K.L.:
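Have a look at this one.
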Amino acid sequence: ADSVVGMARHIRRFGIEPKIAICSNSQFGTLETESAQRMRAAIALLDERDLDFVYEGEMPVDAALDPEIRNRLMPNSRLEGKANAFVFSNAETAGGVKNSLKSVTEGIEVGPILMGMGNRAHIVTPSITVRGLINVAALAGTPMNAYG
């Protein structure tokens with residue numbers, strides 16, 4: 001839950017309103033896997049807070065990206081349109097989805113972004129472009145309080 005709140009804060013640093021999908025292999029409570037239970041627990045913790053951003057889950061990635069699929073699976077979803085951030089229960093899944101999306105879109109990758117540690121260090125992958133490296137360096141060099 002704290003990671004989701006931190007993610008929303010970082011998304012706003014880019015001037016984007018967060019629409020966070022909490023992803024798992026379960027579809028809004030249909031499975032009892034460890035991953036689904038972990039994500040459900042995070043959602044329950046988030047629901048206890050008075051938050052000023054939209055999040056929804058637990059859902060598969062296709063439901064996060066396709067409002068028609070999501071509305072069919074969960075007609076009362078609080079998320080509208082496509083999610084612009086994804087939370088996964090493990091790094092392997094997150095990395096695979098990130099690389100897949102990077103390969104099929106023309107978006108600009110910024111990150112991974114480490115939260116904490118004063119936001120002064122970030123991880124870059126061997127496939128990073130010059131533009132991506134400049135973006136991460138700029139992010140690491142900007143104090144968090146500059147974004148409110």
Side-chain angles (χ1 to χ4, degrees), residues 1-116 119 122-129 131-136 138-140 142 144-148:
D2 289 338
S3 293
V4 173
V5 172
M7 174 185 278
R9 184 180 69 244
H10 279 287
I11 292 168
R12 286 193 170 131
R13 291 175 74 180
F14 296 98
I16 299 169
E17 192 56 34
K19 295 188 330 184
I20 300 174
I22 299 170
C23 298
S24 85
N25 59 335
S26 180
Q27 300 176 6
F28 305 103
T30 60
L31 298 176
E32 291 300 324
T33 63
E34 182 182 337
S35 167
Q37 290 174 4
R38 189 175 320 127
M39 299 315 243
R40 242 176 268 138
I43 293 165
L45 291 170
L46 291 167
D47 287 346
E48 293 173 359
R49 299 179 182 186
D50 183 26
L51 300 171
D52 63 348
F53 62 89
V54 176
Y55 61 91
E56 187 63 271
E58 86 274 9
M59 70 180 88
V61 175
D62 61 348
L65 292 170
D66 187 331
E68 289 183 25
I69 292 173
R70 186 175 53 255
N71 290 335
R72 186 167 24 96
L73 297 173
M74 187 176 189
N76 298 321
S77 173
R78 57 188 144 202
L79 181 62
E80 294 182 15
K82 294 181 180 184
N84 57 20
F86 309 90
V87 177
F88 298 94
S89 65
N90 62 64
E92 293 83 8
T93 304
V97 171
K98 177 188 74 79
N99 289 333
S100 297
L101 288 173
K102 181 175 69 172
S103 294
V104 298
T105 67
E106 294 188 24
I108 298 170
E109 176 184 6
V110 180
I113 298 171
L114 293 180
M115 295 185 290
N119 301 305
H122 298 287
I123 298 170
V124 295
T125 61
S127 64
I128 194 165
T129 63
R131 171 78 184 261
L133 191 56
I134 290 169
N135 288 342
V136 170
L139 183 65
T142 305
M144 187 63 195
N145 61 6
Y147 299 97

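Everything numeric in this text was worked out from a predicted model, so none of it was measured.
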K.L.:
Does M39 form a side chain to side chain contact (heavy atoms under 4.5 Å, CB included) with V87? I'd like the steps, not just the answer.
P.N.:
CA-CA 9 Å; M39 299 315 243; V87 177; 3.8 Å; yes
K.L.:
Please tell me if the side chains of P67 and E80 come closer than 4.5 Å, counting only heavy atoms from C-beta onward.
P.N.:
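In short, these two side chains do not touch, never coming nearer than 4.5 Å.
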K.L.:
Could you report the tightest heavy-atom contact between A83 and L65, atom names first, then the distance?
P.N.:
O-CD2, 4.4 Å
K.L.:
If you define the side chain from C-beta out and look only at heavy atoms, does anything of Y55 sit under 4.5 Å from V5?
P.N.:
no
K.L.:
With sequence neighbours excluded, tell me which residues meet side chain to side chain donor-acceptor pair (under 3.5 Å) with E58.
P.N.:
S26, R40
K.L.:
State, with a plain yes or no, whether a side-chain heavy atom of V61 is found less than 4.5 Å away from one of L101.
P.N.:
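V61 does not reach L101 side chain to side chain.
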K.L.:
Quick check: closest heavy atoms across A63 and L73, and the distance to 0.1 Å?
P.N.:
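Answer, listing the atom of A63 first, then L73: CB-CD1, 4.0 Å.
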K.L.:
Ignoring hydrogens, what is the shortest heavy-atom contact between F53 and R12? Give both atom names and the distance.
P.N.:
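Heavy atoms of F53 and R12 come nearest at CB-NH2, 3.8 Å.
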K.L.:
To the nearest 0.5 Å, what is the distance between NE2 (H10) and CD1 (I16)?
P.N.:
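Answer rounded to 0.5 Å: 13.5 Å.
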K.L.:
Are more than 12 heavy atoms from other residues, nucleotides or ligands located less than 6.0 Å from atom CD of E34?
P.N.:
no
K.L.:
Who are the side-chain contact (heavy atoms from CB on, under 4.5 Å) partners of T33, not counting sequence neighbours?
P.N.:
N25, L31, S35, A36
K.L.:
List the atom of F86, the atom of A64, and the distance in Å for their closest heavy-atom pair.
P.N.:
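Looking at all heavy atoms of both residues, the closest pair is CE2-CB, 3.6 Å.
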K.L.:
Could you check if a side-chain atom of R70 sits within less than 4.5 angstrom of a side-chain atom of M59, using non-hydrogen atoms only?
P.N.:
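Yes; the side chains approach each other to less than 4.5 Å.
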K.L.:
Give every residue pair that meets the salt bridge (charged side-chain N to carboxylate O under 4.0 Å, His left out) criterion with at least one member in residues 81-97, sequence neighbours excluded.
P.N.:
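Sorted pair list comes back empty.
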K.L.:
Report the C-alpha distance between I11 and I20 in whole Å, list the side-chain angles of each, state the deciding distance to 0.1 Å, and finish with yes or no for side chain to side chain contact (heavy atoms under 4.5 Å, CB included).
P.N.:
CA-CA 10 Å; I11 292 168; I20 300 174; 4.3 Å; yes
K.L.:
Looking at every heavy atom in both R38 and S89, which two are closest together, and how far apart are they?
P.N.:
NH1-CB, 3.0 Å
